[in-house]
S.K.: 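Following this message is one structure expressed as structure tokens.
As the structure is a computational prediction, the values presented were derived from the model and not from experiment. Start at 1 and go down the list; that is how both ligands and their atoms are numbered.
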Amino acid sequence: MVTVTSIAELQERIRDWRRAGDSIGLVPTMGALHDGHFALMRHCRADATRTCATIFVNPTQFGPNEDFASYPRTVSADEDNLRAVGVDLLFMPSVTEMYPPGHSTRVRVGPLGETLDGTFRPGHFEGIATVVTKLLLQALPDVAVFGEKDYQQLQVIKRMVRDIDIPVRIEGVPTVREPDGVALSSRNAYLTPAERAVAPALYRSIRSVAQAVAEGGNPDREAARGVEALERAGFGRVDYLTLRDAETLQPVADASRPTRVLAAAWLGRARLIDNVSVAPL
Ligand code: AMP
């Protein structure tokens, strides 16, 4: 595995691979890598002959009072693990390589980025759309791989790529979970042992809501029950627990179209997000 830090080196490597007839896959991450990330790398390896991972903690997707400065950074373990998974190239740009002085252009996706996490984290999806656009145009991969763990992010990226004609195929990979159901996340490192013991309630609640709505339950009533269950289990503020159209993320009255339960809730200083699909009626 070769590690590069400049856009020029990234493009030189990819140009050589293109000349040799390789196909290129890209897996953007913010590092502090875990098995969820490695599932994306494996998916990518099966889909393209060269897999490029990126590690960049993107300042433009963090709000002023969020955890940009304290976000976990474990670069040398990440490099070892990416090598072991068979990644060909790691791109690890600095903030000034990605955002040189004077940068000002932003990509805004519209309604998909303004609901759910977009309401609670203003500017978050504009930061994501901007950095993902930049990475896609820097590498021009055939395929880019993202996790369903960040379901809204995946829909935002799919919409954006369609809307502005970025020539790449977007692949989504199912969420990788701990045996007790907790979705793997770099931010789980913020949980104390007592909070970690409460965390499985999130997946349990959204699954039970999904099941109830699949059986004909009213989405609003079941969502309210889910929120109560989270609070009873020991979660702090529940930012949202809601049923949405799986593609547009607009509220639904039933599960007659593909539907997703999405939730975000606080546990100590960690804000956990998770989602599941509602089985068709
Ligand atoms: P992050 O480093 O948190 O920005 O995540 C980088 C990519 O890994 C995103 O596409 C995430 O959706 C994906 N990802 C994070 N956690 C998981 C997980 N538990 N299962 C599958 N994909 C994940």
S.K.: Any salt bridge linking Asp22 with Arg13? Criterion: basic side-chain nitrogen under 4.0 Å from a carboxylate oxygen.
M.R.: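 Here Asp22 does not pair with Arg13 in a salt bridge, since their nearest N and O are not under 4.0 Å apart.
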
S.K.: Examine the side chains of Arg244 and Thr242 and answer whether a donor and an acceptor come within less than 3.5 Å of each other.
M.R.: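 Yes, Thr242 and Arg244 have a side-chain donor paired with an acceptor closer than 3.5 Å.
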
S.K.: At a 4.0 Å threshold, what atoms of ligand 1 neighbour a non-hydrogen atom of Leu184?
M.R.: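 Those qualifying, in numeric order: 16 (N), 17 (C), 18 (C), 19 (N).
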
S.K.: Closer than 4.0 Å to some heavy atom of Pro28 - which atoms of ligand 1 meet that?
M.R.: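 Answer for ligand 1: 6 (C), 7 (C).
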
S.K.: Decide, yes or no, whether a salt bridge links Asp163 with Arg159 under the criterion of side-chain N to carboxylate O below 4.0 Å.
M.R.: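 Salt bridge: yes.
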
S.K.: Cationic tip of Arg73 within the cone over Phe68's six-membered ring, i.e. under 6.0 Å and within 45° of the normal?
M.R.: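 Judged by the rule (NZ or CZ under 6.0 Å from the ring centre, within 45° of its axis), Arg73 counts as positioned above Phe68.
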
S.K.: Among all protein non-hydrogen atoms, which one is nearest to atom 22 (N) of ligand 1, and what is the separation to 0.1 Å?
M.R.: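 Result: Gly147 CA, 3.6 Å.
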
S.K.: Nearest protein heavy-atom contact for atom 4 (O) of ligand 1: which residue, which atom, what distance?
M.R.: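 Answer for atom 4 (O) of ligand 1: Met30 CG, 3.6 Å.
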
S.K.: Can you check whether Phe146 has an N/O within less than 3.5 Å of an N/O in ligand 1?
M.R.: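 By distance alone, the answer is no.
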
S.K.: Quick check with a 6.0 Å cut-off and a 45 degree axis cone: is Arg207 positioned over the face of Tyr203's six-membered ring?
M.R.: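 Output yes; distance and angle both within limits.
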
S.K.: Quick one: nearest non-hydrogen protein atom to atom 12 (O) of ligand 1, plus distance?
M.R.: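 That would be Asp150 OD2, 2.7 Å.
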
S.K.: Testing the 3.5 Å rule here: is there a donor-acceptor pair between the side chains of Ser6 and Glu9?
M.R.: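 Glu9 and Ser6 do have a side-chain donor-acceptor pair below 3.5 Å.
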
S.K.: Who's the nearest protein heavy-atom neighbour of atom 23 (C) of ligand 1, and how far?
M.R.: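 For this ligand atom, the closest protein heavy atom is Lys149 CB, 3.9 Å.
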
S.K.: Give me the nearest non-hydrogen protein atom to atom 20 (N) of ligand 1 as residue plus atom name, then the distance to 0.1 Å.
M.R.: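 Nearest neighbour among protein heavy atoms for atom 20 (N) of ligand 1, to 0.1 Å: Val176 N, 2.9 Å.
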
S.K.: Considering only non-hydrogen protein atoms, determine which one is nearest to atom 7 (C) of ligand 1 and report residue, atom name and distance to 0.1 Å.
M.R.: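 Here the nearest protein heavy atom works out to Leu40 CD1, 3.6 Å.
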
S.K.: With atoms numbered from 1 as shown, which atoms in ligand 1 lie under 4.0 angstrom from a non-hydrogen atom of Gln153?
M.R.: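 Those atoms are 9 (C), 10 (O).
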
S.K.: List the closest protein heavy-atom neighbour of atom 1 (P) of ligand 1: residue, atom name, distance to the nearest 0.1 Å.
M.R.: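 The closest heavy atom on the protein side is His37 NE2, 3.7 Å.
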
S.K.: Indicate whether any N or O donor in one side chain lies under 3.5 Å from an N or O acceptor in the other, for Glu79 and Thr3.
M.R.: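 A donor-acceptor contact under 3.5 Å links the two side chains.
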
S.K.: Please give me the minimum heavy-atom distance between Arg271 and Ala264, naming the atom from each residue.
M.R.: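 Shortest heavy-atom contact: NH2-CB, 3.5 Å.
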
S.K.: What part of Ser185, side chain from CB on, backbone N/CA/C/O, both or neither, has a heavy atom under 4.0 Å from ligand 1?
M.R.: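 Neither; nothing of Ser185 gets under 4.0 Å from ligand 1.
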
S.K.: Examine the side chains of Asn58 and Tyr99 and answer whether a donor and an acceptor come within less than 3.5 Å of each other.
M.R.: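 Their side chains do contain a donor-acceptor pair, which is all the 3.5 Å distance test asks for.
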
S.K.: Looking only at heavy atoms, is any part of Pro174 under 4.0 Å from ligand 1, and if so is it the side chain, the backbone, or both, or is it neither?
M.R.: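 The answer is the backbone of Pro174.
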
S.K.: If we set the cut-off at 4.0 Å for heavy atoms, which region of His34 has an atom near ligand 1: side chain, backbone, both, or neither?
M.R.: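 Only the side chain of His34 comes within reach of ligand 1.
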
